[in-house]
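The block underneath contains the structure these notes are about, expressed in structure tokens.
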Amino acid sequence: MKPPAFTYHRPASVAEAIRTLADVGAEGKVLAGGQSLVPMLNMRLTAPRHLVDINGLTELSYVDSENDAVRVGALTRHAQLARDAEAGRRVPVLTEAMGYVAHPAIRNRGTVVGSLVHADPAAELPAVLLLCDGEVELASATGTRRVGAADFFIGPLESALRSGELAVAARFPVPPPGTGAAFIEVSRRAGDYALCGLGLTVTLDADLRVARATAAYLSVGPTPVRVELTPAVVGQRHDGADWAGAGALAVAAVDPDDDIHATSAYRRHLVEVLTGRAGRLAARRARQRWEES
Ligand SMILES: Cc1cc2nc3c(=O)[nH]c(=O)nc-3n(C[C@H](O)[C@H](O)[C@H](O)COP(=O)(O)OP(=O)(O)OC[C@H]3O[C@@H](n4cnc5c(N)ncnc54)[C@H](O)[C@@H]3O)c2cc1C
């Protein structure tokens, strides 16, 4: 299959990219790693008249470990973030999730921010951004704005990005002290999109009791779904918390569809089981964090 005809733009600066996006408006799309856009063009699932290729904008290729967040520029490839030890130390769940994103060849080319804008509900990084309460930074000819993860993912393959906007970076906040995290998913083959997955964080207080537990699920609805698990486990010991109760809370909060890969019932089962596994693992890691501090 070949893509429909389009005009190719290769801006030399962020300012030029934004000007070009303003000129072409709703007829334009940004080309980043092309790992989702190019197959969609070839299958004619999308037909923009203009492609604005940002691969020359090397100033957007960075991972900044700030005091309170890991900030990732729009041209940062998945593999680049996965290799960044400082980012992994600050937001470990981000690095753990990266290992589940597709295959090495795709991770070498696909971008972190592209994955967020693409807003596939089966993708790992949107769920991680939601779990961390992160945000996406957007720039256009009329200014810049930041959109929090809770407002960014609107529907399947639909984000809050407006026409004429370039997503320039994403921020993944550092969790509070005493927090452990885990990312787990189930897929038919390694590298496939998950049938169900989740990132989960547990924060323990100084008595090693659960102060807060939160999870964000993928592949269980039109967007990633964040569930506050705290009511099921708050005040309980780190090694004896009611993760079955947390799993039941999560099952009540999701509404997965049947599809050719799995039934809704199977996905609900995975939500329950994986919540327990991730909860126990995250609580163990939270305890280690206290011991190391
Ligand atoms: C075989 C295969 C398996 C895969 N498996 C997985 C998987 O298991 N998990 C997973 O998460 N992903 C998976 N992917 C997708 C991959 O992670 C992509 O890299 C990612 O979805 C999009 O990043 P990209 O840089 O390639 O974006 P592109 O394909 O270039 O763009 C995707 C969309 O985002 C828009 N966009 C991109 N960057 C910007 C920007 N800075 N500003 C505004 N708009 C922008 C584009 O216009 C387009 O609409 C898979 C892909 C393939 C081909």
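Both ligands and their constituent atoms are indexed starting at 1 by order of listing.
Taking all atoms of both residues into account, the shortest heavy-atom contact from Phe183 to Glu96 is N-OE1, 3.0 Å. Of all non-hydrogen atoms in Met98 and His78, the two that sit nearest each other are CE-O, 3.2 Å.
For the residues Ala17, Gly34, Ser36, the heavy atom positioned nearest atom 21 (O) of ligand 1 is part of Ser36. When the options His103, Glu165, Glu137, Glu124 are ranked by their closest heavy atom to atom 10 (C) of ligand 1, first place goes to Glu124. By heavy-atom distance, the residue among Ala190, Gly114, Ser115, Ala74 lying nearest atom 37 (C) of ligand 1 is Gly114.
Within 6.0 Å of CZ in Arg44 there are more than 12 heavy atoms belonging to other residues, nucleotides or ligands. The number of heavy atoms from other shown groups lying within 6.0 Å of CZ (Arg277) does not exceed 12.
For the pair Thr214/Leu200, no side-chain contact is recorded, criterion being any heavy-atom separation below 4.5 Å from C-beta on. By the 4.5 Å heavy-atom criterion applied to side chains, His50 and Lys29 are not counted as neighbours. When side chains are defined from C-beta on, Leu138 does not count as touching Arg146, because their heavy atoms never get closer than 4.5 Å. Contact annotation: the side chain of Pro121 never approaches that of Pro126 to less than 4.5 Å [non-hydrogen atoms, C-beta and beyond]. Side-chain contact between Arg90 and Glu86: present, with at least one pair of heavy atoms (C-beta onward) separated by less than 4.5 Å. Side-chain contact between Asp257 and Ser264: absent, with no pair of heavy atoms (C-beta onward) separated by less than 4.5 Å.
Interface of Tyr100 with ligand 1, defined as ligand atoms under 4.0 Å from a residue heavy atom, comprises 8 (O). Counting the atoms of ligand 1 from 1 in the order shown, those under 4.0 Å from a heavy atom of Ala167 are 40 (C), 41 (N), 42 (N), 43 (C). Within ligand 1, counting atoms from 1 as listed, the ones closer than 4.0 Å to a heavy atom of Gly110 are 19 (O), 25 (O), 26 (O). Taking every heavy atom of Leu166 and a limit of under 4.0 angstrom, the matching atoms of ligand 1 come to 41 (N), 42 (N). Close approach of ligand 1 to Gly33 (heavy-atom distance below 4.0 Å) involves ligand atoms 24 (P), 25 (O), 26 (O), 27 (O), 30 (O). Every atom of ligand 1 with a heavy atom of Gly191 under 4.0 Å away is listed here by number and element: 5 (N), 8 (O).
The shortest contact between atom 31 (O) of ligand 1 and any protein heavy atom is with Leu37 CB, 3.8 Å. Here the heavy atom of the protein found nearest to atom 33 (C) of ligand 1 is His118 ND1, 3.8 Å. Looking only at protein heavy atoms, the nearest one to atom 5 (N) of ligand 1 is Ala102 CB, 3.2 Å. For atom 14 (N) of ligand 1, the closest non-hydrogen atom on the protein side is Tyr193 OH, 2.9 Å. Nearest protein neighbour of atom 2 (C) of ligand 1, counting heavy atoms only, is Ile106 CD1, 3.2 Å. Protein heavy atom in closest approach to atom 17 (O) of ligand 1: His78 NE2, 3.2 Å. Protein heavy atom at the shortest distance from atom 46 (C) of ligand 1 is Val30 O, 3.0 Å. Of the protein's non-hydrogen atoms, the one nearest atom 35 (C) of ligand 1 is Val117 CG1, 3.7 Å.
Polar contact with ligand 1: absent for Leu161 (N/O pair, distance under 3.5 Å). For the pair Val101 and ligand 1, the shortest N or O to N or O distance does not fall below 3.5 Å. For ligand 1, the polar-atom distance check finds an N/O of Ala32 within less than 3.5 Å of one of the ligand's N/O atoms. At a 3.5 angstrom cut-off on N or O pairs, Pro39 does not count as close to ligand 1.
A salt bridge is absent between Asp207 and Arg209; no separation between the charged side-chain nitrogens and carboxylate oxygens falls under 4.0 Å. Under 4.0 Å is where a charged nitrogen must lie from a carboxylate oxygen, and between Glu137 and Arg145 no such pair does.
Residues Tyr100 and Ser187 bring no donor and acceptor atom of their side chains to less than 3.5 Å of each other.
Ligand 1 is approached by Asp192 to a heavy-atom distance shorter than 4.0 Å.
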